[in-house]
Protein chains: 4
Amino acid sequence: MKKKISDPKQRLLDTATDLFYNQGYHATGINQVIQEAGVARASLYLHYESKETLLLAFLQQRHTDWMAGLKRFTDTAAKPKEKIQAAFDFLSDNNEKEHFRGCAFLNILSETTDRDAEVLTVIQDHKKDLRAFLGDILHKEKQAVKDHVYLLFESAIVESQLYRNQWPVQEAKKMAAGLL
Amino acid sequence: MKKKISDPKQRLLDTATDLFYNQGYHATGINQVIQEAGVARASLYLHYESKETLLLAFLQQRHTDWMAGLKRFTDTAAKPKEKIQAAFDFLSDNNEKEHFRGCAFLNILSETTDRDAEVLTVIQDHKKDLRAFLGDILHKEKQAVKDHVYLLFESAIVESQLYRNQWPVQEAKKMAAGLL
Amino acid sequence: MKKKISDPKQRLLDTATDLFYNQGYHATGINQVIQEAGVARASLYLHYESKETLLLAFLQQRHTDWMAGLKRFTDTAAKPKEKIQAAFDFLSDNNEKEHFRGCAFLNILSETTDRDAEVLTVIQDHKKDLRAFLGDILHKEKQAVKDHVYLLFESAIVESQLYRNQWPVQEAKKMAAGLL
Amino acid sequence: MKKKISDPKQRLLDTATDLFYNQGYHATGINQVIQEAGVARASLYLHYESKETLLLAFLQQRHTDWMAGLKRFTDTAAKPKEKIQAAFDFLSDNNEKEHFRGCAFLNILSETTDRDAEVLTVIQDHKKDLRAFLGDILHKEKQAVKDHVYLLFESAIVESQLYRNQWPVQEAKKMAAGLL
DNA sequence: TATGAATGAGTTTTCATTCAT
DNA sequence: TATGAATGAAAACTCATTCAT
């Protein structure tokens, strides 16, 4: 039987998600995580080997959720071009909901060195999946077009975070439409 | 008479530049900075009000240096299209020299919340300057083209950091050429 | 099963009591407290939110202990006048045992500004309790007499600390006797 | 020729007076002193051997000024009893002007251990002078009366600081009057 | 599964003092 | 006389992790 709201493990993950995403990995202390999750300190280490393990769990869940959200948007359209447009709408939607905090993966990437091999891999895998996802929608297009759309998509995320503004998403959306 | 190599203040800034850029702001402790700079702890606070002040100094110097480097590359070409191509070559060059650590400003942006208003401003100002710089080169083009090149340029930086690979720069360079 | 001597929390409080009282609050560093208490630095913050919280705990325990000590002395006498005399004897006793360090509350008061509202309140409450305690013993006397005895009592504490000598207690004791 | 407002040495002393008195000796840092005095750090050590030397200078100047202020009040009256009353009025006046910060000497005493022999001596000497001053006014009274007035006088200072209220001065003033 | 206690090493910042000019 | 630069030690506090129960 499931717990009423969520079990400690999930509560830890949800809190870490919030904090790692919104204030950064290194800027977030274990103390804050357990406090906001409402669990004992040792309980964290019962479910997650280390802070980094928690980070990985966050990234993995985020990957699943984010890709699902993206798919929900692209599924509403039929043609490739419209699906791509819907993908940009997903970004707009995210920006609103998450106050322009940008891409969780690219943000963590900034705090990651080559020594954190595992983290780096998860981040790269996420982006490869995204790239493949967009590529599949555009399976009739040439590789150059696929890449072009992907790069505009990435810019849209990063630049709207930078300026705290939707214009990069809207502009990139138009540019992508022009390519198709 | 000038000091032999460099004075403590500059040494601190150079060390901070290295560390903040390569391993992140929050992941870098004051201890490491003073140790690698070879100065006493209190000397840091003699020259910089706080760790954040040192960060701002780093970003400001980086802005100047980076823009100068970019200009050096674009100055080697005559026509706008070639200048833009040279700009991408600057990115390639940076990637090599700096081991794909990407954009110092976007990296710090990832560690920045809206509470760090001053830092955010410096980052945004840097990008505005870059955007204006590219826009000036393309002064005969429509705004949409200017923006398009800018967004591809930004993607090139971020994605080559992500994949630790030059392909995004090379692809984006070709795409930009196609637009002009 | 109880701990052998005392648990870390109590040991911290006892050490803080000793140090805050004998060398002052600001002159006492956290380092010294944990060292003499034989606990790890972080353990202090496990039990006490901050140095000021530890100070408050010290004052509260001191209040309880001191008032109990006073009562123990006054309880040995039957009549009000004798009880007051016993109260002064308590001061003499304290001076001997604590090497003329005076009143813990007045000492901390000297290091307290209006910004430390909570500390100030604890100090004032202690003195109000003392005043009420003496007032109760002298419940048949007029308010002016109660106040007079209280002021002499306070002087006795402060001046014996100042001169490192019992004479102020002895003189004040006589003067109080003369009033009753 | 004197400097327009005051020379660095006096400015340091005045600033130290303000800070040591109002926020305590240990709570006051050299930084704050030189900053508020508007002198260079090294200039402090040019005029004063150490922080403690500055403290001694403060206490000595305070002694002179305070005793002069007291004399100014007692000089307005002719008879001993009235002079004593005027002395209490001086305390009231001080409380108003100095926001109930109490006695500079007793405050420093609280931060002083037996190791600070010199400081302790200055403090004791101040009080001895005060006691002698009041004793001289009451030269026709018995020693017990002199002491009694002195102890009430001291209480008045301490207790009005404690309660941030003039009542202890007013009450003690009446009590003293009753003794004469 | 869950937790409160405990910790050594770390954090950023300030201390009082001295030095070179 | 005056000062900006420099410093070792210390300040209060937090870090991520482990242990005993």
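Lettering of chains follows the sequences in order, A, B, ..., and the numbering in each one begins at 1.
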Assess whether side-chain contact (heavy atoms from CB on, under 4.5 Å) is satisfied between A/Phe58 and A/Tyr25, documenting all intermediate values.
CA-CA 11 Å; A/Phe58 148 55; A/Tyr25 175 69; over 6 Å; no

Let me see the working for D/Lys127 and D/Leu106 under side-chain contact (heavy atoms from CB on, under 4.5 Å), right down to the final yes or no.
CA-CA 9 Å; D/Lys127 289 298 184 190; D/Leu106 294 180; 3.8 Å; yes

Ring-plane angle category for C/His63 and C/His126, please: parallel below 30°, perpendicular beyond 60°, tilted otherwise.
perpendicular

To the nearest angstrom, how far is D/Asp7 atom CG from F/dT1 atom P?
10 Å

Check the side chains of B/Gln23 and B/Gln32 for a donor-acceptor pair under 3.5 angstrom, ignoring hydrogens and angles.
yes

So that I can tick it off, tell me whether A/Arg62 and A/Glu98 are bridged by a salt bridge, with the cut-off set at under 4.0 angstrom between side-chain N and carboxylate O.
yes

With distance as the sole criterion, is a donor-acceptor pair present between the side chains of B/Asn107 and B/Gln161 under 3.5 Å?
yes

B/Leu44 CG to E/dT13 C1', in whole Å, measures 10 Å

Contact under 4.0 Å: D/Tyr45 side-chain N or O vs E/dT18 OP1/OP2
no

If you only use heavy atoms from C-beta on, which nucleotide in E/dT7, E/dA5, F/dT3 is closest to the side chain of C/His47?
E/dA5

Extract the stems that DNA chain F is part of, considering only consecutive pairing runs of at least three Watson-Crick or G-U wobble pairs, both distances under 3.5 Å.
E:2-21 with F:2-21

Is there a residue in residues 12-34 of chain C whose heavy atoms reach under 4.0 Å of DNA chain E, and which residues are they?
none

Establish, with yes or no, whether the OP1 or OP2 oxygen of F/dA5 is under 4.0 angstrom from a side-chain nitrogen or oxygen of B/Ser43.
no

Need to verify one output field. Residue with the more 5' nearest nucleotide on DNA chain F, B/Ala42 or C/Glu49?
B/Ala42

Looking at E/dT13, E/dT17, E/dT1, which one has an atom nearest to any side-chain atom of D/Lys51?
E/dT17

Side-chain donor-acceptor pair under 3.5 Å between C/Asp14 and C/Gln10, yes or no?
yes

Test item: B/Leu13 and B/Tyr48 side chains (from C-beta on) under 4.5 Å apart, heavy atoms:
yes

C/Gln10 CD to E/dA5 C1', straight-line distance once rounded to whole Å:
16 Å

If I take atom CG in residue B/Leu46 and atom C1' in nucleotide E/dC15, what distance separates them, rounded to the nearest angstrom?
14 Å

Under the 3.5 Å rule, do the base of F/dT17 and the side chain of A/Arg41 count as making a donor-acceptor pair?
yes

How many whole angstroms separate atom OH of B/Tyr48 from atom P of E/dT12?
16 Å

Give the C-alpha distance, both sets of side-chain angles, the deciding distance and a yes or no for side-chain contact (heavy atoms from CB on, under 4.5 Å) between D/Glu118 and D/Thr121.
CA-CA 5 Å; D/Glu118 208 169 352; D/Thr121 300; 5.7 Å; no

